[in-house]
Amino acid sequence: MLVEGLIIVADLDKFEEYVEARGLDEYKPNDITGTLTQMFYDFAVKWRGVVIYGLDFERGTEEVIIEIPMPGEIDGIVRDLEQIRRAINQLGGSITIVVLRDYVLCKPARNRREAYYGTPGRSRALKILRSIKRRGGNKVFVET
């Protein structure tokens, strides 16, 4: 059943280049992916969000989709997402985060395709994310 909520889609910018330049193993957590994993886990717990896709403690997180059902005020959510973006920037990375108010399913996806295209809102959030990343990324975009 769909309810009103927030869809949060985040993806590291140009991360393949970052990994290559530093000679890192893409299959193991590094400073950025490990930090991102923990910060988004804490974020989801704090705001009672459901991790739809992407949170990976074994490999580290490069992309994540979280849905928060029926949030009240979103200012605190956006502040926390800005804090995550700043932390990743301080580690030398870059991340784009999209926050979209739409209808959410709040059910973890079985695969990547379902995660991004399982609802019209997720598809729209992905389209916005890609558009922002083409223009340089590294921002928190909010559409309510």
Side-chain angles (χ1 to χ4, degrees), residues 1-72 74 76-78 80-89 91-144:
M1 181 170 95
L2 294 171
V3 297
E4 189 175 332
L6 292 179
I7 300 167
I8 297 155
V9 179
D11 189 23
L12 291 170
D13 301 325
K14 300 178 183 174
F15 195 66
E16 285 180 25
E17 295 169 14
Y18 177 88
V19 168
E20 275 185 31
R22 287 163 180 75
L24 301 172
D25 185 345
E26 63 184 288
Y27 298 106
K28 293 183 181 175
N30 55 52
D31 288 345
I32 291 177
T33 61
T35 299
L36 196 59
T37 300
Q38 190 60 54
M39 291 186 86
F40 269 115
Y41 174 79
D42 294 343
F43 173 86
V45 169
K46 177 179 179 179
W47 295 104
R48 295 188 172 117
V50 176
V51 177
I52 305 302
Y53 178 79
L55 201 65
D56 191 339
F57 284 94
E58 290 181 25
R59 291 181 59 183
T61 300
E62 293 182 40
E63 60 184 345
V64 68
I65 301 174
I66 297 174
E67 292 182 345
I68 302 173
M70 298 182 277
I74 70 164
I77 292 170
V78 173
D80 285 356
L81 293 171
E82 277 290 349
Q83 184 177 353
I84 291 170
R85 187 188 65 77
R86 283 193 301 274
I88 297 305
N89 288 167
L91 292 171
S94 172
I95 187 169
T96 301
I97 303 171
V98 172
V99 181
L100 184 65
R101 186 179 297 271
D102 207 313
Y103 289 98
V104 297
L105 197 53
C106 292
K107 177 182 165 196
R110 292 178 296 239
N111 55 50
R112 191 171 195 273
R113 181 179 176 87
E114 182 181 313
Y116 284 108
Y117 301 103
T119 67
R122 288 186 207 158
S123 296
R124 194 161 62 99
L126 177 62
K127 188 175 182 180
I128 294 168
L129 178 84
R130 287 180 175 160
S131 172
I132 292 169
K133 287 177 68 98
R134 276 194 298 274
R135 292 179 295 202
N138 196 34
K139 70 185 289 182
V140 175
F141 174 84
V142 180
E143 180 179 300
T144 57

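Numbers here are sequence positions counted from 1.
- Taking the side chain as every heavy atom from C-beta outward, I68 and V104 never approach each other to under 4.5 Å.
- Side-chain contact between L81 and V142 is absent, with no heavy atoms from C-beta onward closer than 4.5 Å.
- Nearest heavy-atom pair across V50 and P108 is CG1-CD, 4.0 Å.
- For E62, the side chain to side chain donor-acceptor pair (under 3.5 Å) test picks out no residue, with sequence neighbours left out.
- Taking the side chain as every heavy atom from C-beta outward, W47 and I66 never approach each other to under 4.5 Å.
- Taking the salt bridge (Lys or Arg N to Asp or Glu O under 4.0 Å) definition, one finds that R48 meets it with nothing, sequence neighbours left out.
- Listed by first and then second residue, the side chain to side chain donor-acceptor pair (under 3.5 Å) pairs involving residues 26-44 are N30-T33, T37-T61, Q38-D42 (not counting sequence neighbours).
- Every pair passing salt bridge (Lys or Arg N to Asp or Glu O under 4.0 Å) that includes a residue from residues 95-107 is listed here, sequence neighbours excluded: E4-R101, D102-R124.
- Every residue meeting the salt bridge (Lys or Arg N to Asp or Glu O under 4.0 Å) condition with K133, not counting sequence neighbours, appears here in chain and number order: D11, D13.
- Judged by distance alone, with hydrogens and angles left aside, the side-chain atoms of E63 form no donor-acceptor pair with the main-chain N or O of G54 at under 3.5 Å.
- In this structure, OG in S94 is found 6.0 Å from CG in N89, a value given to the nearest 0.5 Å.
- For the pair Y117/L126, a side-chain contact is recorded, criterion being any heavy-atom separation below 4.5 Å from C-beta on.
- In this structure, Q83 has no side chain to side chain donor-acceptor pair (under 3.5 Å) partners at least two apart in sequence or on a different chain.
- The side-chain contact (heavy atoms from CB on, under 4.5 Å) test applied to L2 returns Y103, L105, T119, not counting sequence neighbours.
- Here I88 contributes atom CD1 and T96 contributes atom OG1; the two are 12.0 Å apart, rounded to the nearest 0.5 Å.
- Sorted pairs that involve residues 50-59 and meet side chain to side chain donor-acceptor pair (under 3.5 Å), not counting sequence neighbours, are lacking altogether.
- Between A125 and I7, the shortest heavy-atom distance links the atoms CB-CG2, 4.1 Å.
- Y18 pairs by the ring-ring contact (aromatic ring centres under 6.0 Å, His included) definition with F15, not counting sequence neighbours.
- No side-chain heavy atom of R122 sits under 4.5 Å from any side-chain heavy atom of V9.
- Shown here are the side chain to side chain donor-acceptor pair (under 3.5 Å) partners of R113, two or more places apart in sequence or in another chain: there are none.
- Here the CD1 atom belonging to I97 is positioned 10.5 Å from the CG atom belonging to D80, to the nearest 0.5 angstrom.
- We find the CD1-CD distance between I128 and E143 to be 4.5 Å, quoted to the nearest 0.5 Å.
- Minimum interatomic distance between P69 and V3 (heavy atoms only, all atoms of both residues): CB-CG2, 4.0 Å.
- For P29 against G60, the heavy-atom pair with the smallest separation is CG-N, 3.9 Å.
- Listed by chain and residue number, nothing satisfies the salt bridge (Lys or Arg N to Asp or Glu O under 4.0 Å) test with R22 (two or more places apart in sequence, or in another chain).
- Taking CG of L36 as the reference point, atom CD1 of I95 lies at 4.5 Å (rounded to 0.5 Å).
- The CG atom of L55 sits 13.0 Å away from atom CE of M39, with the distance rounded to the nearest 0.5 Å.
- For R135, the salt bridge (Lys or Arg N to Asp or Glu O under 4.0 Å) test picks out no residue, with sequence neighbours left out.
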